[in-house]
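Taking it in order: structure first as structure tokens, then the write-up.
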Amino acid sequence: MAKALIQMALDSLDFDQTIALAEQVAPYVDILEIGTPCIKYNGLELVTALKSKFPNNLILVDLKTMDAGEYEATPFYEAGADICTVLGVSDKATMGGVIKAANANNAEAQIDLISVKDKKAVATEAARNGAQIIGVHTGLDAQAAGQTPFADLKDIASLNLGVRISVAGGLNKNTIQDTVRAGATIVVVGAAIYGADSPAESAKELRALVDAA
Ligand SMILES: O=C([C@H](O)CO)[C@H](O)[C@H](O)COP(=O)(O)O
């Protein structure tokens with residue numbers, strides 16, 4: 001079985017800090033994620049910069065698109081995004097538009113199940129419609145209210161949809177191996193890396209844990 005990928009969520013608003021953090025963690029992670037607040041603040045220029053500075057990492061742009069899927073996602077794919085996210089609560093046509101834009105650019109679309117009520121149904125339909133990645137996601141606000149992504153991961157993994165499953169929501173060194181063993185093929189880490197005394201050391205430790213899981 002292929003090793004799980006590690007995705008680092010770059011959630012700063014500051015352009016230069018984002019590049020500096022990416023420089024520290026890039027050797028240890030597979031995917032550099034431009035978080036939603038960060039992409040809204042910095043825009044396409046940051047995608048172009050990360051893509052050129054980190055050719056060995058995939059770039060995920062966490063657009064969380066809600067409408068006008070193809071129109072919104074296309075410039076980000078053209079700027080170098082390997083993966084863009086679209087909300088699972090959006091219209092089927094919106095998700096379809098992002099999937100279409102991804103395919104036109106030899107890239108991938110991720111359906112984010114954040115705040116979706118019937119997650120199994122949305123994930124099943126999205127996979128059938130060509131989404132390459134399903135994102136099980138407990139957002140920062142839901143985390144603050146004590147929620148975790150683990151029960152949702154169990155539900156989605158049990159469907160055996162044949163697509164990759166990304167998991168985000170407060171993962172850290174204590175939970176990352178169980179998350180991989182439960183079926184995550186992409187594990188997303190934000191605060192546990194950028195909030196550490198040494199983000200590079202934290203990313204290195206997580207890499208070793210994921211590779212050993
Ligand atoms: O996607 C995220 C959030 O919704 C803000 O955009 C986070 O980047 C994601 O949850 C990963 O960060 P942590 O939960 O801090 O690991």
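What you are looking at is a predicted structure, and each value in this text was computed from that prediction instead of being measured. All ligand and atom numbering here is 1-based and tracks the order in the structure.
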Member of Thr85, Asp62, Asp112 meeting the side-chain hydrogen bond (donor to acceptor under 3.5 Å, both in side chains) criterion with Thr36: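 It is Asp62, the one option of Thr85, Asp62, Asp112 that forms the side-chain hydrogen bond (donor to acceptor under 3.5 Å, both in side chains) with Thr36.
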
Gly195 touching ligand 1 at heavy-atom level, < 4.0 angstrom: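 False for this residue.
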
Heavy atom of Gly169, distance to ligand 1 below 4.0 Å: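 Checking ligand 1 against Gly169, which is what was asked, there is a heavy-atom contact under 4.0 Å.
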
If you measure every N/O of [X] against every N/O of ligand 1, is any gap under 3.5 Å?
{"X": "Pro37", "value": "no"}
{"X": "Lys64", "value": "yes"}
{"X": "Gly170", "value": "yes"}
{"X": "Leu140", "value": "no"}

Going by the order shown, which atoms of ligand 1 are within less than 4.0 Å of some heavy atom of [X]?
{"X": "Glu33", "value": "1 (O), 8 (O)"}
{"X": "Val189", "value": "16 (O)"}
{"X": "Gln143", "value": "10 (O), 14 (O)"}
{"X": "Thr36", "value": "6 (O)"}
{"X": "Asp62", "value": "1 (O), 6 (O)"}
{"X": "Ala9", "value": "8 (O), 11 (C)"}

Within a 6.0 Å radius of atom [atom1] on [X], are there more than 12 heavy atoms belonging to other residues, nucleotides or ligands?
{"X": "Lys100", "atom1": "NZ", "answer": "no"}
{"X": "Tyr41", "atom1": "OH", "answer": "no"}
{"X": "Asp141", "atom1": "CG", "answer": "no"}

For atom 2 (C) of ligand 1, the option (of Gln7, Met8, His137) bearing the nearest heavy atom: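 It is His137 that holds the nearest heavy atom.
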
Check against side-chain hydrogen bond (donor to acceptor under 3.5 Å, both in side chains), Asn103 and Gln132: CA-CA 10 Å; Asn103 290 335; Gln132 292 90 352; 3.2 Å; yes

Ion pair Asp30/Arg207, N-O distance below 4.0 Å: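 Here Asp30 pairs with Arg207 in a salt bridge, since their nearest N and O are under 4.0 Å apart.
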
Protein contact to atom 16 (O) of ligand 1 [nearest heavy atom, distance to 0.1 Å]: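 Here the closest protein heavy atom is Gly190 N, 2.8 Å.
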
Distance from atom 7 (C) of ligand 1 to nearest protein heavy atom, with residue and atom: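 Closest protein heavy atom to atom 7 (C) of ligand 1: Asp11 OD2, 3.5 Å.
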
Quick check against the 3.5 Å criterion: does [X] have a side-chain atom that pairs as donor or acceptor with the backbone of [Y]?
{"X": "Asn172", "Y": "Ala192", "result": "no"}
{"X": "Thr74", "Y": "Glu70", "result": "yes"}
{"X": "Ser90", "Y": "Val86", "result": "no"}

Which segment of Ala191 sits under 4.0 Å of ligand 1 when only heavy atoms are counted: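 Both backbone and side chain.
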
Ligand 1 versus Ile114: contacting region, heavy-atom distance under 4.0 Å: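 For Ile114, there is no contact with ligand 1 at all, from either part.
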
Worked verdict on Gln24 versus Ser198 for side chain to side chain contact (heavy atoms under 4.5 Å, CB included): CA-CA 9 Å; Gln24 293 177 62; Ser198 167; 5.6 Å; no

Linked, directly or transitively: Phe150 and Ile6 (ILVMFWY side chains, under 4.5 Å):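 Yes, same cluster.
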
